[in-house]
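Structure first, commentary second.
As a basis for the values below, the full set of heavy atoms in this structure was taken, side chains included, without hydrogen atoms, waters or symmetry mates.
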Amino acid sequence: MAQNKIRASWWWLTQAAGVRRRRRGEGGEEYSVIYKWNPHKHKFFRYQSLQTHTAQDWEAFSIHGEAYLAVANHRRADNNHNIDSVIYKWNPGTKLFEVNQTLLTSVAYDWEFFRVGPYHFLAVANTFDGVTTCINSTIYVRVAGQFQHLQDITTLGATDWEMFEIDGRVFLAVANGEQLHTRGSSQYSINSTIYELNVELLRFLRFHDILTHTAVDWEFFTVGTQSFLVVANFYNGTSYSLNSAIYRWQGSEGFVMVHELLTVGCRDWEFFHSSKGSFLIYASATSTLSKVFRLKTY
């Protein structure tokens with residue numbers, strides 16, 4: 001689910017059809033819904049429906065003051081795994097999001113938009129092509145008003161990209177979820193990888209491998225001058241109850257694990273800060289309870 005401010009008085013919320021679906025007709029079409037915030041009634045109201053295919057993620061972003069939405073289409077009802085995901089652009093004339101570009105994806109799970117200097121990037125996490133999870137996820141760069149192929153990175157059932165910067169260095173972390181073998185067995189304890197952008201080459205190069213267990217999310221955050229990454233470990237092949245780990249940036253040593261948190265079916269991490277301190281909250285997919293952790297610093 002993504003949220004984006006298009007203008008000063010308009011807030012949008014998009015609902016992925018993979019989470020909530022509205023079906024019409026015998027074809028069983030799926031629609032994701034954009035809601036518009038009404039500041040007078042303090043509620044979101046249905047604004048626009050867009051046909052999607054088991055959508056898993058929306059990414060909202062703007063380029064030169066123009067607003068876009070990218071949807072990660074997962075697969076069609078006929079179980080076709082290799083389908084187009086769509087980038088929509090806000091049309092101020094029609095006051096609607098309209099198709100701007102389509103990109104072929106394979107069970108797309110996540111989009112990550114980011115900018116570095118004059119460059120605008122989109123990275124897609126491709127999960128499965130119908131045969132194997134060992135496939136390319138792709139990074140695109142904006143050229144002449146369109147996202148063009150920049151680089152393929154081999155991933156294993158990728159479910160998330162997380163971009164972050166430390167001391168002027170740009171990193172991109174992928175959450176690898178599963179290695180599916182040809183005989184049908186799966187390996188869940190595999191490396192997820194952090195890549196660093198080489199600006200001169202305009203390429204992301206492997207920087208650091210971290211052992212994860214069906215990783216489904218990375219969250220980067222800072223506390224004071226310290227930088228951290230926390231991973232959502234979901235499943236290790238036998239149990240959903242296992243530790244998710246927090247890693248701290250140690251300069252030349254890269255990321256070093258500093259703490260483990262017991263989680264159950266962990267699907268997502270979010271960091272937030274308030275007057276009461278710094279907090280991490282995780283969403284559980286297999287338990288009735290999700291948890292909030294308060295970070296203690298010494």
*Run the side-chain hydrogen bond (donor to acceptor under 3.5 Å, both in side chains) check on T212 and N233 step by step: do they pass?*
CA-CA 6 Å; T212 54; N233 283 325; 4.7 Å; no
*N176 (side chain) donor-acceptor with N191 (main chain) under 3.5 angstrom*: yes
*Considering the options W249, Y195, W218, which one meets the ring-ring contact (aromatic ring centres under 6.0 Å, His included) requirement together with F171?*
W249
_T138 backbone acceptor or donor facing N136 side chain under 3.5 Å_ = no
_Test log, rule side chain to side chain contact (heavy atoms under 4.5 Å, CB included), inputs V141 and L122_ = CA-CA 6 Å; V141 64; L122 261 180; over 6 Å; no
*Answer yes or no: is there a side-chain heavy-atom contact under 4.5 Å between I246 and L261?*
yes
*Any chance you could measure H213, atom NE2, to Y188, atom OH, to the nearest 0.5 Å?*
14.0 Å
_I need the D84 CG to L104 CG distance, nearest 0.5 Å._
5.5 Å
*Give a yes-or-no answer on whether the side chains of R206 and T193 include a donor-acceptor pair shorter than 3.5 Å.*
yes
*Can you check ring-ring contact (aromatic ring centres under 6.0 Å, His included) on F113 and F61, steps first, answer last?*
CA-CA 7 Å; F113 172 82; F61 56 93; 4.3 Å; yes
*With no hydrogens and no angle check, is any side-chain donor or acceptor of D217 less than 3.5 Å from a backbone partner on W269?*
yes
*Check the side chains of E98 and T94 for a donor-acceptor pair under 3.5 angstrom, ignoring hydrogens and angles.*
yes
*Are F272 and F293 close enough that their ring centres sit under 6.0 Å apart?*
no
*Lys/Arg N to Asp/Glu carboxylate O, E196 vs R169, below 4.0 Å*: yes
*N/O donor-acceptor pair under 3.5 Å between S287 side chain and L289 backbone*: yes
_Tell me whether Q48 contacts the main-chain N or O of F97 through its side chain, where contact means a donor paired with an acceptor under 3.5 Å._
yes
_side chain to side chain contact (heavy atoms under 4.5 Å, CB included) for N80 and N82? Distances and angles first, verdict last._
CA-CA 6 Å; N80 186 351; N82 303 296; 4.2 Å; yes
_If you define the side chain from C-beta out and look only at heavy atoms, does anything of V170 sit under 4.5 Å from L172?_
no
*If you look at every heavy atom in A232 and D268, which pair is closest and at what distance?*
CB-N, 4.2 Å
*Quick one: do the E178 and T133 side chains pair a donor with an acceptor below 3.5 Å?*
no
*Do Y68 and Y88 make the cut of ring centroids closer than 6.0 angstrom?*
no
*Can you find a pair of side-chain heavy atoms, one from F234 and one from R267, that are under 4.5 Å apart?*
yes
*Give a yes-or-no answer on whether the side chains of S284 and S290 include a donor-acceptor pair shorter than 3.5 Å.*
no
*asked:* Show the nearest heavy-atom pair for residues S32 and T52, with the distance to one decimal.
replied: OG-OG1, 2.7 Å
_Measuring centre to centre across the rings, with the benzene-like ring taken for any Trp, is Y247 within less than 6.0 Å of F255?_
no
*asked:* Taking the side chain as everything from C-beta on, heavy atoms only, tell me whether Y235 gets closer than 4.5 Å to L242.
replied: no
*Non-hydrogen atoms of S85 and N73 that approach each other most closely*: OG-N, 3.0 Å
*Would you find more than 12 non-hydrogen atoms of other residues, nucleotides or ligands less than 6.0 Å from F271 atom CZ?*
yes
*Would you find a donor on one side and an acceptor on the other, under 3.5 Å apart, between the side chain of T214 and the backbone of N236?*
no
*asked:* Return the CG to OG1 distance between N126 and T154, rounded to the nearest 0.5 Å.
replied: 11.5 Å
_Quick check against the 3.5 Å criterion: does R203 have a side-chain atom that pairs as donor or acceptor with the backbone of L150?_
yes
*Please examine the side chains of H42 and W37, heavy atoms only from C-beta on, and report whether any two atoms are closer than 4.5 Å.*
yes
*Do the side chains of Y140 and V116 join up, straight or via other hydrophobic residues, at under 4.5 Å, putting them in one cluster?*
no
*Do side-chain atoms of S192 reach the backbone of I210 as a donor and acceptor pair under 3.5 angstrom?*
no
*Same cluster for F207 and I166 if Ile/Leu/Val/Met/Phe/Trp/Tyr side chains link at under 4.5 Å?*
yes
*Quick check: does any side chain N or O of S106 sit under 3.5 Å from a backbone N or O of D129, one acting as donor and the other as acceptor?*
no
_For S241 versus L262, what's the shortest heavy-atom pair and its separation?_
OG-CD1, 3.8 Å
*Would you find a donor on one side and an acceptor on the other, under 3.5 Å apart, between the side chain of T105 and the backbone of I83?*
yes
*asked:* Less than 6.0 angstrom separating the ring centers of F220 and F164, yes or no?
replied: yes
*Could you check if a side-chain atom of Q151 sits within less than 4.5 angstrom of a side-chain atom of F204, using non-hydrogen atoms only?*
yes
*In terms of hydrophobic clustering (I, L, V, M, F, W, Y; side-chain heavy atoms under 4.5 Å; direct or indirect links), are M257 and L229 co-clustered?*
yes
*Is R248 positioned over the aromatic face of F228, cation under 6.0 angstrom from the ring centre and no more than 45 degrees off axis?*
no
_Tell me if the centroids of the rings in F128 and H81 come within less than 6.0 Å of each other._
yes
*Quick one: do I135 and V107 end up in the same hydrophobic cluster if we chain Ile, Leu, Val, Met, Phe, Trp and Tyr together by side-chain heavy atoms under 4.5 Å apart?*
no
*Evaluate the side chain to side chain contact (heavy atoms under 4.5 Å, CB included) criterion for residues E59 and E112: first the C-alpha distance (whole Å), next the side-chain angles of each, then the deciding distance (0.1 Å), finally the verdict.*
CA-CA 7 Å; E59 181 80 350; E112 178 83 345; 4.1 Å; yes
*With sequence neighbours left out, what residues match E162 under salt bridge (Lys or Arg N to Asp or Glu O under 4.0 Å)?*
none
*Determine whether I63 and W111 fall in the same hydrophobic cluster, where Ile, Leu, Val, Met, Phe, Trp and Tyr are linked whenever their side-chain heavy atoms lie under 4.5 Å apart.*
yes
*For the residue pair L295 and L280, establish whether any side-chain heavy-atom pair is separated by less than 4.5 Å.*
yes
*Please assess H64 against H120 for the test side chain to side chain contact (heavy atoms under 4.5 Å, CB included), listing each intermediate value before the final yes or no.*
CA-CA 10 Å; H64 305 311; H120 299 86; 4.0 Å; yes
*Under a 4.5 Å cut-off applied to non-hydrogen side-chain atoms, are Q56 and D110 in contact?*
no
*May I ask you to check whether H74 and Y109 place their ring centers less than 6.0 Å from one another?*
yes
*How long is the gap from CG on N243 to CD on E260, to the nearest 0.5 Å?*
4.5 Å
*Centroid-to-centroid, F121 to F114, below 6.0 Å?*
yes
*Looking only at heavy atoms, what is the nearest atom pair of K276 and R294, with distance?*
O-NH2, 2.6 Å
*What's the verdict on side-chain hydrogen bond (donor to acceptor under 3.5 Å, both in side chains) for T263 and S244, showing C-alpha distance, side-chain angles and the deciding distance?*
CA-CA 6 Å; T263 55; S244 291; 2.9 Å; yes
*What closest approach, in Å, do R115 and S62 show between heavy atoms, and which atom pair accounts for it?*
NH2-O, 2.6 Å
